[in-house]
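Here's the structure we're looking at; comments come further down.
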Amino acid sequence: MAGLKRFRVLEERDINRETFVESWPEAGLMVADSPYDPAPSIRIVDGRIVELDGRAEEDFDTLDVYIARHGIDLAVAPEAMALDSLTIAHMLADINVPRALVLRLATGCTPAKLVDIMRHMNVLEMMNGLAKMRVRRIPANQAHVTNRRENPALLAADAAEAALRGFAELETTVGVARAAPFNALAILVGAQTGRGGVMTQCAVEESLGLRIAMKGLTTYAETLSVYGTEQAFVDGDDSPWSKAFLASAYASRGVKVRFTSGTGSEALMGSAEQRSMLYLEARCLCVTRGAGSQGVQNGSISCIALPESLPGGVRAVLAENLMASMLGLEVASGNDALASHSAIRKSAKLMLQFIPGTDFIFSGYSAVPRKDNMFGGGNFDADDLDDYAVLQRDMQIDGGTRSITEDEAEAIRRRGAQAIQAVYAELGFPVIADDEVEAAVQAHSSDDMPVRDIVPDLVAADAFLAGDRSMVDVVAALARRGFADVAEHLLTMGRQRIAADYLQPAAIFGRDFVVQSAINQPNDYTGPGTGYRVEGARWHEMSHIHQAKSPRDFIVDRLGSPIESLAGYGNAKRGGSTEVVVAIGPAFGRIITKTIGGLDHEEVLKAVLTGIAEEGLIGRVVRIWRSSDCAEIGHVGAKLSGSGVSIGIQSRGTSIIHRVDLARLNNLELFSQSPSMTLDTYRAMGRNAARYAAGKMTTPVPVSVDNWARLRLIVKTALLHRRESEEIRDLPPEALRFDWEPEV
Amino acid sequence: MPTYPLYDNEGDTLQAANGRPLRDVTIEGALDGSLRIEDLQVHRSALLAQAEIARTAGYVPLAQNFARAAELTVVPRGEIIEMYNVLRPGRARREELDALADRLEQQFAAPLCAAMVREAAEVYTARGLLRHPDAL
């Protein structure tokens, strides 16, 4: 291997599987502050914007026209544009400035002005701003539920589990477009099995998505993509007007709408017009708000790897989340598509949305294993769910999910799969066999599913889409087959359509279909002690992850009845010069009877005494009552030892070789790695102590160092020490008779 | 001013677009076949109420969207999808967009949507987003 070995090791690290490039503004490969970005400007004549960010009205492209007519509040614009960008940046970061004030000013800003405000902010200030500007009071989370085989039982089981885990929205999509109605149906049924009120969607081509929504099979749509240049927009087969019409069409059927945009899409589509990603995103957001979308899915989404290949990419993604929330848009803040090979990098990036909390921290946490994620997603996936629960518990931050037990998961997965099985049977769709249901309950991924012929499913899906049957028939099917609760949840979703409360900004359903949105649950954070705090039942739930055990019985297996052969006979006195004192802690061999590593105290004593005897000296056992501290036990022992050398042993096994002339916290040898110690180590310890006592040249006992041991065993260590400390008595050292002779 | 959420506060008066009261949307109806998907279609008055709620809370473009949506509640499912497709770039000639606007206004009493289509027609004409004369 040529060169520096550490560099060769670094090359093999996950982070070096990424592509990193320098900025190239001409190609749109620059996240912010392109030299070609316009300076903010606005000119209003007779209530009409005639100049926008340096461009005159006659040169407006479609986006400029749309933004000028619908994306900027003319009543606010003169005031907002006249304010120094730095001042608005301060208002964003300052917890004393209420959200409503910033919201009002932002609606009067041009895209370049929004970007100019971001220019003054570092990520910490942006996070502070985001915590304040988030639309909904309580953050939430969305999950992706898909599988490569479009298996309905597995989709329903996964959706049921994801709903039980607390995701407020579930999104599915297809590998084969014709599967769309059935995939939407499977996650609808699964979601309503897991928790009534979870909203669902199926990401497919726009007009197909609308047809599925009109059948009542989805409750929201978020794949209404917008782009920051005219060419990219047209390549996406829409204009701001068609997108606005689509938004109204969805709303007319009681379907919630969220647009999608994100840094990098225009560069990826080859038409960035030399603008920075952030500037183009600001244009997208002004279009999104102007078109009447209640929110946006942004945070680069499927393009995330592109900004992350560039300097400042992760900061820019946070900036786009913040700009959206400034405009009063609900934000589903990305973190969905695969963004990094490095667990460190992906987790660090997540913190920018996780810590402030966004309306949806993920616009698709993969509730299925990565390889079953049909969105190119899975940056965090089913295998990371425990990590994610622990992050919430660590920081007391609500990430929108809860930990569930294996039994809970099994029960809800079975019920979800059985519910879709019942619907298929009742509606005459291709049979879902019992073994398919059971496989879906147990499966990790679609690899674990029996082969299912997709052709009859697609034929039935075509007929279902074309025919008159709808969610109402699904409700009837569920009710007939004994799924009354699921039927009721589905129908309540339908009833909620008539009220349309969930079309309002950032709306989700909490428990019992209680709607939470910008209208009745607006974010009211204004610094410490205000806004949503994680407390009460929710904190209890987040604290009690399924792996957490009671520490109360943690050390039971290290306790036992007193060693029969070990008996006290009065106060210990100083002995002769051929001895080594073996000083033990107050609980040793009487309350605690095993070391942390599981060695019997009796065997430990035998090993130490054998080692001492091997060097021709005598080991004398003494119990120290006044301290549980290893150094103190050894130090008092040394003072009693005729040779001046002692071995101090705590009950958990931590040991020291001490000598009377050394300071208390000094030592000859310290054995702090008690979990990795063996009886041979204790025997060698005895030998060495005897050699020191005899004044011989001595090589320290080699001990294996396991830095993970402290991490693994810290709770046990603390509890064993606590138990030993409880045995401290105000008594002088006690002489002990150990009824055993070493065979040397 | 209607009280949000309407589901909890206005449940007694809420009705579907076809007039079926919310309280008559029941499992029994689904079972006996008297309930249809049309009975879950939001009524324009609920969307107008939501528009008023959104406007009061400061979400003006969203309120305008709800007002357009209220107009579209009476447009049949298939036709809405058709309208959307006509409005996509490069799909329609100018006359087709004008005709769509007229139809929205006259047949469906949807002046807001009609205005939006007319504005699109104007911009599409200026920016070359009408159907290309050579298009198949």
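Below, read A as the first sequence line, B as the second, and so on, with proteins coming before strands; counting in each chain starts at 1. Small disclaimer: the values here were computed from a predicted structure and weren't measured.
- Here I519(A) is the residue among I519(A), T62(A), L210(A), V474(A) with the most heavy-atom pairs under 4.5 Å with chain B.
- When heavy atoms are compared at a cutoff of 4.5 Å, E488(A) approaches chain B by way of both its backbone and its side chain.
- A donor-acceptor pair under 3.5 Å links the side-chain atoms of T229(A) to the main chain of S271(A), judged by distance alone.
- Listed for the R134(A) side chain is no donor-acceptor partner under 3.5 Å among the backbone atoms of N523(A).
- Looking at V75(B), the atoms closer than 4.5 Å to chain A (heavy atoms on both sides) all sit in the backbone: N, CA, C or O.
- We find that D73(A) and R104(A) are not joined by a salt bridge, their nearest charged nitrogen and carboxylate oxygen being 4.0 Å or further apart.
- With a 4.5 angstrom heavy-atom cutoff, Y7(B) touches chain A via backbone and side-chain atoms both.
- Under a 3.5 Å cut-off, the side chain of D512(A) and the backbone N or O of V514(A) do not form any donor-acceptor pair.
- For chain A, the nearby part of Q15(B) is the backbone; its heavy atoms alone come within less than 4.5 Å.
- Residue Y84(B) touches chain A through both its backbone and its side chain, counting heavy-atom pairs closer than 4.5 Å.
- Judged purely by atom type and a 3.5 angstrom limit, R127(B) has no side-chain atom pairing as donor or acceptor with the backbone of E230(A).
- Judged by distance alone, with hydrogens and angles left aside, the side-chain atoms of R136(A) form a donor-acceptor pair with the main-chain N or O of D359(A) at under 3.5 Å.
- Chain B forms the most heavy-atom pairs under 4.5 Å with one residue out of L246(A), D473(A), V515(A), and that residue is L246(A).
- Counting heavy-atom pairs under 4.5 Å between each of A57(B), G78(B), A54(B), A17(B) and chain A puts A54(B) at the top.
- When heavy atoms are compared at a cutoff of 4.5 Å, R211(A) approaches chain B by way of both its backbone and its side chain.
- Using a cut-off of 4.0 Å between Lys/Arg side-chain N and Asp/Glu carboxylate O, R88(B) and E206(A) are scored as not salt-bridged.
- Contact of V135(A) with chain B is made through the side chain alone, with heavy-atom distances under 4.5 Å.
- In this structure, no portion of T107(A) lies under 4.5 Å from any heavy atom of chain B.
- Ranked by heavy-atom pairs under 4.5 Å with chain B, the first of T492(A), V472(A), L103(A), D468(A) is V472(A).
- Partners of E82(B) according to the side-chain contact (heavy atoms from CB on, under 4.5 Å) rule, which considers only residues two or more places apart in sequence or in another chain, do not exist here.
- At a heavy-atom separation below 4.5 angstrom, chain A is approached by M116(B) within residues 92-117 of chain B.
- In summary, the side chains of Y4(B) and S517(A) do present a donor paired with an acceptor at a separation below 3.5 Å, with no hydrogens or angles considered.
- Using a 30° and 60° split on the angle between ring planes, W241(A) and Y124(B) fall in the perpendicular class, above 60°.
- Of the atoms belonging to R91(B), it is side-chain heavy atoms, and not backbone ones, that fall under 4.5 Å from chain A.
- Annotation: cation-pi pair K243(A)/Y66(A) absent, no NZ/CZ under 6.0 Å from the ring centroid and within 45° of its normal.
- Note on A46(B), A16(B), A63(B), G90(B): by heavy-atom pairs under 4.5 Å with chain A, the leading option is A16(B).
- Remark: side-chain polar atoms of S242(A) are not paired, donor with acceptor, to backbone N or O of D238(A) under 3.5 angstrom.
- Heavy atoms of T26(B) lying under 4.5 Å from chain A belong exclusively to its backbone.
- The choice from D32(B), V60(B), L14(B), V123(B) that makes the most heavy-atom pairs within less than 4.5 Å of chain A is V123(B).
- At a 4.5 Å heavy-atom cutoff, the contact between I53(B) and chain A is made by backbone and side-chain atoms alike.
- For the pair E222(A) (side chain) and V257(A) (backbone), a donor-acceptor distance under 3.5 Å is absent.
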From CA spacing to verdict: salt bridge (Lys or Arg N to Asp or Glu O under 4.0 Å), R137(A), D524(A): CA-CA 6 Å; R137(A) 190 163 190 266; D524(A) 55 354; 3.0 Å; yes
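- When G494(A), S248(A), A500(A), A244(A) are compared by the number of non-hydrogen pairs under 4.5 Å with chain B, S248(A) comes out ahead.
- Heavy-atom distances place the backbone of D39(B), and not its side chain, under 4.5 Å from chain A.
- One N or O on the side chain of Q504(A) and one on the backbone of Q50(B) form a donor-acceptor pair closer than 3.5 Å.
- With a 4.5 Å cut-off on non-hydrogen atoms, E122(B) touches chain A through its side chain but not through its backbone.
- Proximity of a side-chain donor or acceptor of Q294(A) to a complementary backbone N or O of A506(A) within less than 3.5 Å is detected.
- Within a 6.0 Å radius of CZ in R36(B), no more than 12 heavy atoms belonging to other residues, nucleotides or ligands are found.
- Of all the listed residues (P240(A), S252(A), A499(A), G290(A)), the one sharing the greatest number of non-hydrogen pairs under 4.5 Å with chain B is S252(A).
- Only the backbone of F60(A) comes within contact range of chain B, with at least one heavy atom under 4.5 Å from a heavy atom of that chain.
- With a threshold of 4.5 angstrom between heavy atoms, L47(B) approaches chain A through side-chain atoms but not through N, CA, C or O.
- Among the candidates R253(A), R289(A), R497(A), the residue making the largest number of heavy-atom pairs closer than 4.5 Å to chain B is R253(A).
- Panel note: side chain Y250(A), backbone R258(A); no donor-acceptor pair is recorded below 3.5 Å.
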